[in-house]
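Below is one structure, written out as structure tokens; the observations come after it.
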Amino acid sequence: GDGDTLRMDYQGENITVRLACIDTPETSQTPWGPAATARLRQLTPRDSTIQFREADTDRYGRLVAEIYANGQNINLQMVAEGYAPVYTRFLSSCPDTQAQLLQAEAQAQQQRLNFWSQEDPIMPWDYRRSR
């Protein structure tokens with residue numbers, strides 16, 4: 001998928017999973033959209049074992065979840081590394097990690113990591129709305 005979506009085999013079915021509570025730049029938002037996609041691929045390589053905590057199902061029928069690989073919360077990792085802003089509109093879907101996500105985002109912004117290195121970043125949800 002892209003930086004906040006992945007496809008995986010689950011109980012013999014190929015499903016699409018949208019990472020809960022975060023929103024990465026769109027693929028056309030270069031360079032940070034493609035960078036987020038590449039980072040998600042590194043964190044969840046093909047044939048890796050993924051655990052997840054289901055949060056919701058979105059309007060496209062995708063499972064929305066917090067993803068874990070190697071015991072690590074991938075959603076939180078993407079935010080901490082500055083590849084994804086917190087999607088505050090849907091933050092209530094992650095009650096156990098809400099505070100951690102917000103703290104990680106504040107630190108990434110302060111350190112101007114990746115997406116946050118831009119002078120005036122366009123939030124992915126604003127970018128989509130403008131198209």
Side-chain angles (χ1 to χ4, degrees):
D2 59 19
D4 54 32
T5 309
L6 58 89
R7 288 185 255 306
M8 66 180 194
D9 288 325
Y10 179 64
Q11 297 179 341
E13 193 177 328
N14 194 334
I15 64 169
T16 301
V17 181
R18 169 74 167 78
L19 276 63
C21 305
I22 71 170
D23 198 7
T24 61
E26 296 299 309
T27 303
S28 57
Q29 280 183 275
T30 55
W32 302 114
T37 301
R39 184 60 180 139
L40 181 60
R41 284 189 180 133
Q42 288 173 342
L43 293 169
T44 58
R46 184 176 299 280
D47 296 327
S48 59
T49 300
I50 305 289
Q51 292 83 40
F52 62 90
R53 185 198 62 79
E54 185 172 351
D56 203 354
T57 303
D58 72 9
R59 62 183 171 161
Y60 304 108
R62 299 178 297 191
L63 172 71
V64 179
E66 287 184 283
I67 302 295
Y68 298 84
N70 299 316
Q72 174 180 17
N73 182 319
I74 300 303
N75 307 47
L76 181 59
Q77 187 72 28
M78 292 290 287
V79 172
E81 293 181 10
Y83 288 104
V86 173
Y87 207 170
T88 54
R89 178 175 165 201
F90 297 105
L91 192 54
S92 62
S93 299
C94 301
D96 296 342
T97 54
Q98 194 170 355
Q100 290 173 286
L101 286 163
L102 291 170
Q103 182 178 8
E105 181 184 62
Q107 289 175 341
Q109 283 177 309
Q110 185 179 13
Q111 295 170 23
R112 300 183 62 83
L113 297 177
N114 296 306
F115 176 75
W116 300 112
S117 67
Q118 302 171 81
E119 197 58 45
D120 191 18
I122 299 170
M123 293 297 133
W125 48 89
D126 292 331
Y127 180 82
R128 283 191 301 276
R129 197 177 317 118
S130 73
R131 299 202 151 248

*Would you confirm whether E13, through its side chain, and Y10, through its main-chain N or O, come within 3.5 Å as a donor-acceptor pair?*
no

*asked:* Within a 6.0 Å radius of atom CD on Q42, are there more than 12 heavy atoms belonging to other residues, nucleotides or ligands?
replied: yes

*Is a donor on one side and an acceptor on the other found under 3.5 Å between the side chain of T24 and the backbone of D4?*
yes

*Fit a plane to each ring of Y87 and W125, take the angle between them on a 0 to 90° scale, and name the class: parallel (under 30°), tilted (30 to 60°) or perpendicular (over 60°).*
parallel

*In the single-linkage hydrophobic clustering (I, L, V, M, F, W, Y; side-chain heavy atoms under 4.5 Å), do F115 and L43 co-cluster?*
no

*Is there side-chain contact between L6 and I74, with heavy atoms separated by less than 4.5 Å?*
no

_Do Q111 and Q107 pair up side chain to side chain, a donor and an acceptor below 3.5 Å, judged on atom types alone?_
no

*Under 3.5 Å, is there a donor-acceptor pair between the side chain of Q29 and the main chain of I122?*
yes

*Side chains of N73 and E66: is there a donor and an acceptor less than 3.5 Å apart?*
yes

*To the nearest 0.5 angstrom, please state how far the CZ atom of R59 sits from the OG1 atom of T57.*
14.0 Å

*Taking all non-hydrogen atoms of both residues, which atom of W116 and which atom of G82 are closest, and how far apart?*
CD1-CA, 3.9 Å

*Any donor-acceptor pair under 3.5 Å linking the side chain of T5 with the backbone of D2?*
no

*Shortest non-hydrogen contact from P85 to E105?*
CA-OE2, 3.4 Å

*Would you say D9's side chain and G12's backbone share a donor-acceptor pair under 3.5 angstrom?*
no

*Mind checking the OH-OG1 spacing from Y60 to T16? Nearest 0.5 Å is all I need.*
13.0 Å

*Joint hydrophobic cluster, L19 plus I50, side-chain heavy atoms closer than 4.5 Å*: yes

*Report yes or no: does N114 contribute a side-chain atom to a donor-acceptor pair with the main-chain N or O of E81 at less than 3.5 Å?*
yes

*Quick one: does N75's side chain have a donor or acceptor within less than 3.5 Å of a partner on A20's backbone?*
yes

_Please determine whether a side-chain nitrogen of the Lys or Arg among R18 and D23 lies less than 4.0 Å from a carboxylate oxygen of the Asp or Glu._
yes

*Are side-chain heavy atoms of Q98 and C21 found at a separation under 4.5 Å?*
no

_N70 atom CG, neighbour heavy-atom count above 12 within 6.0 Å_ = no

*Once you round to the nearest 0.5 Å, how far does CZ of R39 lie from CE of M78?*
8.0 Å

*Should S93 and V64 count as side-chain neighbours, where that means a heavy-atom distance under 4.5 Å?*
no

*Answer yes if L91 and F52 sit in the same cluster of Ile, Leu, Val, Met, Phe, Trp and Tyr residues linked by side chain heavy atoms under 4.5 Å apart, and no otherwise.*
yes

*List the atom of L40, the atom of G3, and the distance in Å for their closest heavy-atom pair.*
CD2-O, 3.4 Å

*Where is the tightest heavy-atom contact between Y83 and P25, given as atom of each residue plus distance?*
O-CD, 3.4 Å

*Measure the spacing between CG of L76 and CD of Q103 and express it to the nearest 0.5 Å.*
9.5 Å

_Using 0.5 Å steps for rounding, measure from the CD atom of E119 to the CZ atom of R112._
5.5 Å

*If two hydrophobic side chains count as joined below 4.5 Å and joins carry through other members, does L63 share a cluster with I67?*
yes

*Verify the cluster assignment for V79 and L102: are they in a single hydrophobic cluster under the rule of side-chain heavy atoms below 4.5 Å apart?*
yes

